[in-house]
Amino acid sequence: DAGVIQSPRHEVTEMGQEVTLRCKPISGHNSLFWYRQTMMRGLELLIYFNNNVPIDDSGMPEDRFSAKMPNASFSTLKIQPSEPRDSAVYFCASSADYTGELFFGEGSRLTVL
Amino acid sequence: AQSVTQLGSHVSVSEGALVLLRCNYSSSVPPYLFWYVQYPNQGLQLLLKYTSAATLVKGINGFEAEFKKSETSFHLTKPSAHMSDAAEYFCAVTRNYGGSQGNLIFGKGTKLSVKP
C-alpha cells in the first residue's frame, strides 16, 4: 500500500508568491495532520482534520496560512503571500485511529527567498 | 497541558555501545507515548508506542522503552548501537480532544551519532 504522498518535494519561491503544498493520505485513514519542522522550533502542528473536518487549527501561524481537505484523499496547505520566515519542511501525516500512530510523508521543503 | 522533554539534543555513542535517549513527559491524564525516528531527508517513522498495556515496550530495530509512571519517563534504549541507528529521535505524547486521543505533541528531538 502506498504511504502518504506529498508534493512538491522541494519548492523555491520568492517572497510574496503563493505556495500550495499537497497531500494524499493513506487510503482508509480518517485523520490528517500538517506539521512544520524548523531547526529553531522543531516540529509544530499546524492543523488537524478528522473525517475531512478541521478539528484544531490553533497552530496555523496567521491568516496567510490556510488548509483544506475537500475529500478523504486530498488536502492542501496554502501560504499567501509567502515570507522568508515560512522556509521550513512541511510534513503531512495521516492516522487510522485515535491511538496517535501517525504515518508521515517525506515532506515538502519550502525555501522562500 | 501535555508536554515532553527530551534531555540532550545530541548524543554520541560508539558502535556496539548502549544507546540511551531520555524522555520525560507531563500529562494530566494517562498518556499514550511514542518514539519516532527520522533519517536525513525523510519523514518520521514509528519506532514503538506505549498505550497502557505492558510498561516495557519493544519496537523495531532492537529498540525498547520503559514507561515509568513514578518518574514520568519513557526512555529509549538499545543494547548495542549500529551505524545505521544514526538519526534523529523524537519522543511524543498524545493530546486529548474531548477524551479521544488524536494529535501528537513532539519533543525537540535528539540526534544520535554512532562512531565506528
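So you know, we letter chains A, B, ... as the sequences are listed, proteins then strands, and number each from 1. Since the structure is predicted, the reported quantities are computational estimates derived from the model, not experimental observations.
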**Prompt:** Are A:R109 and B:N41 close enough, and set up right, to give a side chain to side chain contact (heavy atoms under 4.5 Å, CB included), and what steps lead you there?
**Reply:** CA-CA 9 Å; A:R109 182 175 295 276; B:N41 299 314; 3.7 Å; yes

**Prompt:** What's the spacing between B:Q42 CD and A:F104 CZ if we round to 0.5 Å?
**Reply:** 13.0 Å

**Prompt:** Is it true that B:L56 and B:F67 fall in one hydrophobic cluster, defined by side-chain heavy atoms closer than 4.5 Å?
**Reply:** no

**Request:** Is it possible for you to say whether A:V89 and A:I5 belong to one hydrophobic cluster, with membership spreading through side-chain heavy-atom contacts below 4.5 Å?
**Result:** no

**Request:** Could you grab the distance from atom CD of A:Q37 to atom CD of B:E88, nearest 0.5 Å is fine?
**Result:** 6.5 Å

**Item:** B:Q45 versus chain A, the contacting section by heavy-atom distance below 4.5 Å
**Value:** neither

**Prompt:** Considering only heavy atoms, which portion of A:Y35 lies under 4.5 Å from any heavy atom of chain B: side chain, backbone, both, or neither?
**Reply:** side chain

**Message:** Within a 6.0 Å radius of atom CD on B:E15, are there more than 12 heavy atoms belonging to other residues, nucleotides or ligands?
**Reply:** yes

**Prompt:** Between CG of A:L43 and CG of B:L104, what distance do you get to the nearest 0.5 Å?
**Reply:** 10.0 Å

**Request:** Side chain from CB out, backbone as N, CA, C, O: work out which of these in A:R41 comes under 4.5 Å of a heavy atom of chain B, or both, or neither.
**Result:** backbone

**Prompt:** Can you hop from B:F90 to A:L45 via hydrophobic side chains spaced under 4.5 Å?
**Reply:** yes

**Request:** With a 4.5 angstrom heavy-atom cut-off, could you sort out which part of A:E44 is near chain B: side chain, backbone, both or neither?
**Result:** neither

**Message:** Can you tell me which portion of B:L46 sits under 4.5 Å from chain A's heavy atoms? Options are side chain, backbone, both or neither.
**Reply:** side chain

**Prompt:** Is the number of heavy atoms from other residues, nucleotides or ligands within 6.0 Å of CG (A:N71) greater than 12?
**Reply:** yes

**In one Ile/Leu/Val/Met/Phe/Trp/Tyr side-chain cluster, 4.5 Å: B:V57, B:V93** = yes

**Asked** Shared ILVMFWY cluster between B:M83 and B:L18, side chains joined below 4.5 angstrom?
**Response** no

**Item:** Check: A:L102 main-chain N/O paired with B:Y36 side-chain donor or acceptor under 3.5 Å
**Value:** yes

